[in-house]
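Scroll down for the structure; my scribbles are underneath it.
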2 protein chains.
Amino acid sequence: MVRTRSEERRAEILRAALEVIAERGYRGATLGSVAERVGLTQQGLLHYFPTKEALLVAVLEERDRWDTSGGRDREGWRLDLLDSLVEYNAMRPGIVQTFSALLGESVTDGHPAREFFTERYAQVRASMADVLRLEFGERLPGGLTPERAAPLLTAVMDGLQYQWLLDPAAVDMPGAFRDFLRLLRGDAEE
Amino acid sequence: MVRTRSEERRAEILRAALEVIAERGYRGATLGSVAERVGLTQQGLLHYFPTKEALLVAVLEERDRWDTSGGRDREGWRLDLLDSLVEYNAMRPGIVQTFSALLGESVTDGHPAREFFTERYAQVRASMADVLRLEFGERLPGGLTPERAAPLLTAVMDGLQYQWLLDPAAVDMPGAFRDFLRLLRGDAEE
DNA sequence: CGTCACCTACCGATCTACAGGTAGGTGTGC
DNA sequence: GCACACCTACCTGTAGATCGGTAGGTGACG
């Protein structure tokens, strides 16, 4: 059980890092402030993660593990699961903020998360296309192919998150997302 | 013409700042690197903009001026103008990157651009709703009201930009945006 | 059973590198 | 001769990282 202690510590640190990155982004986050949150010195933290970048990588890896296990089924998502994913996100502004901040930073030159996001979006688009194909076949009601609709679906999720983070009262994120799904489905509401 | 000289300099500085922010974000940008790009020392730059934040504010103000004059008509955009706006953006990755990086950073606590973006998005949504109403009236073909569709339109633009910045070859931004407009218009393609 | 070798989990001091900002100039042109 | 457009010289703060410890534990062997 001594082994566990160490991994517990690492998990604590990752959680704290997530918070600090949400608050200040990766560039703005300092090792010291992460360390402080778990009752360590900066040097103590470096014992667990040898560099700042290693800490970031660990955060990203955990995210990867999370959303390729918890959320995704053997055969991928279903469309209504996406819906509840967005609702889930709406209850976790912290996580959303962390990854929105990282995404924003990652488009800058030489950012350590850039490759991660590039690959991740390729996967996400592919996965979205699968979901859509499963649901609608080769043509969605609106006339698009799954491959053409997938980037839009992804874009809507991200774009809504930014608007929602900036002003939660101004945007009903889950509602807006459902609106978009209705558009894809081609059923008029009312 | 001496007056002009000074304003020329300021304009040069703003352009350089835009570049540097695109490359490293606001937090990552340094006054020194902006100054260097226009052949000044860091302190020489501070002669024109007394603080780093003042420089950022000037950048944001210029953006504001730009996209409430150049792009927008007395009565707002037309839907097909949006289309060419996206095409225009696709030719200017630098600008897009600057403001995508800033948007990402701005969701972090106490970021100096946060208020700017919050207000800007409120305006943009309102403006989008106007465009849609002008084009379709109170109900879009897909069944949405202009107010419900506006956040989606905005989200698609932003979200596509991130995907495109991360991997320009993977996403046809103008094409995808046109796909979305078709969805709103309700006309199946082919 | 004790002690020697070694590991883990840290901390303090310190180094290096900038970063933003201030104070007080100097030169040039009107 | 004075205002503007800068520069040199600094100061202060902070960030990431290294170095060299220390304290506690574990295991092996004589």
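Because the structure is a prediction, the values reported are computed rather than measured.
- Nucleotide C:dA9 holds its C1' atom 14 Å from the CD atom of A:E12, rounded to whole Å.
- Evaluation of the ring pair (Phe, Tyr, Trp, His ring centres under 6.0 Å) rule for B:F177 yields no partner, not counting sequence neighbours.
- Taking B:R37 as the reference, B:E19, B:E23 meet the salt bridge (Lys or Arg N to Asp or Glu O under 4.0 Å) condition, with sequence neighbours excluded.
- Of the candidate nucleotides D:dC6, C:dT22, D:dG16, C:dT22 has the atom nearest to the side chain of B:L46.
- Separating the CZ atom of B:R10 from the P atom of D:dA5 is a distance of 10 Å, rounded to the nearest angstrom.
- Put simply, the side chain of B:S100 never gets that close to the backbone of B:Q97: no donor and acceptor are under 3.5 Å apart.
- Under the salt bridge (Lys or Arg N to Asp or Glu O under 4.0 Å) criterion, A:R133 pairs with A:E138, A:E147, not counting sequence neighbours.
- For A:E7 and C:dA9, the CD to P distance is 10 Å, given to the nearest whole Å.
- Within residues 33-45 of chain B, the residues having any heavy atom closer than 4.0 Å to DNA chain D are, in order of number, B:L40, B:T41, B:Q43, B:G44.
- Contact check, B:H47 against D:dC6: no side-chain N or O comes under 4.0 Å of OP1 or OP2.
- Rounded to an integer number of Å, the gap from B:F49 CZ to D:dC6 P is 12 Å.
- Between D:dC6 and B:R9, a contact under 4.0 Å exists linking OP1 or OP2 to a side-chain N or O.
- When the side-chain contact (heavy atoms from CB on, under 4.5 Å) test is applied to B:A170, the partners found at least two apart in sequence or on another chain are A:R125, B:D167.
- Atom pair B:L55:CG and C:dG21:P shows a separation of 10 Å (rounding to whole Å applied).
- Among the protein residues, B:L31 comes within range of the sugar-phosphate backbone only, with heavy atoms under 4.0 Å from sugar or phosphate atoms but none that close to a base.
- Residues satisfying the ring pair (Phe, Tyr, Trp, His ring centres under 6.0 Å) test with B:Y162, not counting sequence neighbours, are A:Y162.
- The interatomic distance linking B:K52 (NZ) with C:dT22 (P) rounds to 15 Å, in whole Å.
- Within the 4.0 angstrom heavy-atom criterion, no nucleotide atom of any strand lies near A:A54.
- Only one option out of B:R78, B:R185, B:R178, B:R182 pairs with B:D83 in a salt bridge (Lys or Arg N to Asp or Glu O under 4.0 Å); it is B:R178.
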